[in-house]
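Since the structure comes first, as structure tokens, the remarks are kept for the end.
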Amino acid sequence: VTLDPGEDSRQFRAEVRDWLAAHGPAGPLPSVDTAEGFARHRAWESELAAAGLAVVSWPAAYGGRDASLLDWLVFEEEYHAAAAPARVGQNGLFLLAPTLFAHGTAEQRDRLLPRMARADDVWAQAWSEPDAGSDLAAIRSRAVRADGGWLLSGQKTWSSRAAFADRAFGLFRSDPGAERHRGLTYLLFDLHADGVTVRPVRQLGGDTGFAEIFLDGVFVPDADVVGAPGDGWRIAMSTASHERGLSLRSPGRFSAAAARLVGLWQRAGDPADTGLRDRVADAWIGARAYRLHTYATAARLAGGGTLGAESSLGKVFWSELDIALHETALDLLGPRAELLDGPDADGRWLGDYLFSLAGPIYAGTNEVQRNVIADRVLGLPR
Amino acid sequence: VSGVRSAEQEQFAAALHDLLTDGAPADNGGPGGAPGNGSALADGSAPGAARRWAAGDPEPGLALWRRLAGLGVTALAVPERCGGLGASPLDLVVACEELGHHALPGPVAESLAAVPRLLAALTDDTGLRDSGARDRGRRDRGSCDRALCDEWLRGLATGDLIATLARPPQLPYAADGDVAGLMLLVEGDVVRIATPGTRHRSVDPARSLSGARGGQVVARGPAVARAAGRALNLGTLASAAQLLGAGRALLEAGVRHARQRTQFGQPIGAFQAVRHRLADVAIALDFARPLLDAAAATLADDHGAGQHGAGQHGAGQHGAGQHGAGQHGADHGASADRDVSAAKVACADAAYLAARVALQVHGAIGYTQEHDVSLWLMKVRALVPAWGTQAEHRARVMAALTTHEAAPWS
């Protein structure tokens, strides 16, 4: 009943740990959502790639090392435990790449994936529109047939990393006569192409973590259509499942944060404050539950199972855990929790708290996830 | 790393489900059935037996216990040398979850888990002198009446004996003393045979609590406290499994009712306010189970350490690289406490959420004793603070995380 990771896995863990200890930045990098921080994170990604650690779960042909899902989880645990930099290429690595493996052509994979692995290209996602948020099938941005490709027009919004990224992927309505999830096409475009205007948007924390994208007759060659024209919804949903499920939120982040929270409690906690102590315990218990659950899911997937609606259970769980954990840390810090600078500031907890607040909103709001659970896990009527 | 149930364990749970559903009409309010307004339960089903039990007739419930014994359920935690199965804690968890799923009445965590674990630990411990033997040697190493313990273990394995125990402060009363053939009282480093004191009613009508008046000494000595700690951990784990199973039943009942109950011209399960609360229950239960299974795996290691000695276990299982050889035994006790408490916290919280939501979804009919959902609602309310309160368990988790000292129950 115990999943023994095996000797290879233990060696892999040791390799990752040792490499990060030897090569990881001494302190935190500037925010990935600033020009300087973006450049520093991009450089870090190319270092990771050179060490063969950028995309461990990918095939070797594209810069990976064919690691199993379990070993990917091991990598993530070590990465977060080392407090290594945020993954600037996250959208591409965890959303677009799985889509290309499932639906792309060999030519697309050869052309796009090695550059993505080295962060030569950093990708932004372009799903939402002003009138298409939770109701993503209400997309109105259009793709019109042109000679050798498509012309994109319309507006995308809340595009993560788009302020500084190179390219983007998203859904466009290619059949104006079709409604809702029909007649959509999955397209890749250059954020610096003629006709593209990017307007960075400051998030709650003050950095430009996402942007609006205005498209006015932007040409995309046929080579940058993923899957068949008109089949975009199905293809995008397979990506969304990756975003909600294992790929985007590995347990490493929460395990590492929970361990730091226990440390903070030991340093700064008042032993008489049992209410706060109980919240620390709950955060640790939640992080452990998420880790165990994810490992069990990975074992099931390795045995040929598939990831279905249950990924919605996990999305609600980790996003609420993340907020509760960081709220507890801020309550532990007390009146210095609000400080952004100065000797008493602990920017890591505050920054991570602000990041956690977005969790119940992105990747399908938690209300949408609960509806998925009600429909597909519980079989409740609509 | 993570407990994962085997196909055999899933089959075992399915067999228990069938046994405990047997004799119930198709429209009973229990798991797998359609909702019933009022009770139309056959005595042969566990919830039907729970109703008879609550009305003062435990016989249908005891008949179920005998049938469960036929499947080996009562022998799971009994060592093989006494006719038991010596099964893993995960096997026990799988069984107890299903018993909770069906609201089986009786001292489940006591008789199936804690008492056999206590007796096995006492008789396994070579540090205790056999008080039944003729040698009346030094008093300081403690003593245990092995023949008596072995006889009880054999009775538990066959199902002829149902046992309960009190262990203040976590278990100030013994549950269901009126059906138990054996009541034990554990205080400090002494285990005694107890006789039932005043019988008290529980909020769960199919459960009673009795004071325990200590009599003849069964075992005494420093090893008793250690054995009692292991017994309490396994009992706590079993109660957490019962709670998880009860939570599942409450979610099923809530979903069933939400599908069928129509208001404002549509099933209430179509309203997001109802759907989202039920979804939250599904999430809480789904993320409690891995903690339960992992705690069972940790106790399996802990059990091994107790039987074979820490040094041998440490060398065989983990190697020197992961655990310092000297501290291995102590570490294991702390991680057992930590994992059992984490499981109890999560399972009790999830089950209680399930109870609150099931009651709310049912509305006024759920607030009646005549509706079967009341069986699970009240069982959850009784079990949440039993086997250590949520506050004690959270404190134990934190103690294990922040110190290497022995946790309070060890």
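Numbered from 1 within each chain, the chains take letters A, B, ... in sequence-line order.
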Answer with side chain, backbone, both or neither: which region of A:Ile373 has an atom nearer than 4.5 Å to a non-hydrogen atom of chain B? side chain

Could you tell me which non-hydrogen atom of A:Ala289 sits nearest to which non-hydrogen atom of B:Phe287, and how far apart they are? CB-O, 3.2 Å

So how far is it from B:Thr402 OG1 to A:Trp265 CH2, rounded to the nearest 0.5 Å? 9.0 Å

Could you walk me through whether B:His276 and A:Asn371 pass side-chain hydrogen bond (donor to acceptor under 3.5 Å, both in side chains), step by step? CA-CA 7 Å; B:His276 288 188; A:Asn371 280 340; 2.9 Å; yes

What part of A:Glu367 gets closer than 4.5 Å to chain B, counting heavy atoms only: side chain, backbone, both or neither? both

Quick check: are there more than 12 heavy atoms from other residues, nucleotides or ligands sitting under 6.0 Å from CZ of A:Arg300? yes

CG (B:Leu291) and CZ (A:Arg291) are apart, to the nearest 0.5 Å, by 11.5 Å

Do other residues, nucleotides or ligands put more than 12 heavy atoms under 6.0 Å from A:Glu327 CD? yes

Closest approach of B:Arg259 and A:Leu378, non-hydrogen atoms and distance? NH2-O, 3.1 Å

Please state whether the side chain, the backbone, both or neither of A:Asn366 comes within less than 4.5 Å of a heavy atom of chain B. neither

Quick one: what part of B:Arg338 sits under 4.5 Å from any heavy atom of chain A, side chain, backbone, both or neither? side chain

Polar side-chain atom of B:Arg275 near backbone of A:Pro381 as donor-acceptor pair, under 3.5 Å: yes

Do you know which of B:Ile268, B:Asp339, B:Leu251 has the most heavy-atom pairs with chain A at a distance under 4.5 angstrom? B:Asp339

Check whether more than 12 heavy atoms from other residues, nucleotides or ligands sit under 6.0 Å from atom CD of A:Glu179, and answer yes or no. no

Can you tell me how far the OG1 atom of A:Thr297 sits from the CG atom of B:Asp286, to the nearest 0.5 Å? 8.0 Å

Relative to chain A, which segment of B:Val255 carries a heavy atom at a distance below 4.5 Å: side chain, backbone, both, or neither? both

If one checks every heavy atom of B:Ala395 against chain A at 4.5 Å, the contacting part turns out to be both

I'd like to know whether CH2 of A:Trp349 has more than 12 heavy-atom contacts from other residues, nucleotides or ligands below 6.0 angstrom. yes

How close do B:Ala346 and A:Ile285 get, counting heavy atoms only, and between which atoms? CB-CG2, 4.5 Å

If you measure from CG on B:Asp293 to CG on A:Leu292, what distance do you get to the nearest 0.5 Å? 9.0 Å

What heavy-atom pair brings B:Asp280 and A:Arg370 nearest, and what distance separates the two atoms? OD1-NE, 2.7 Å

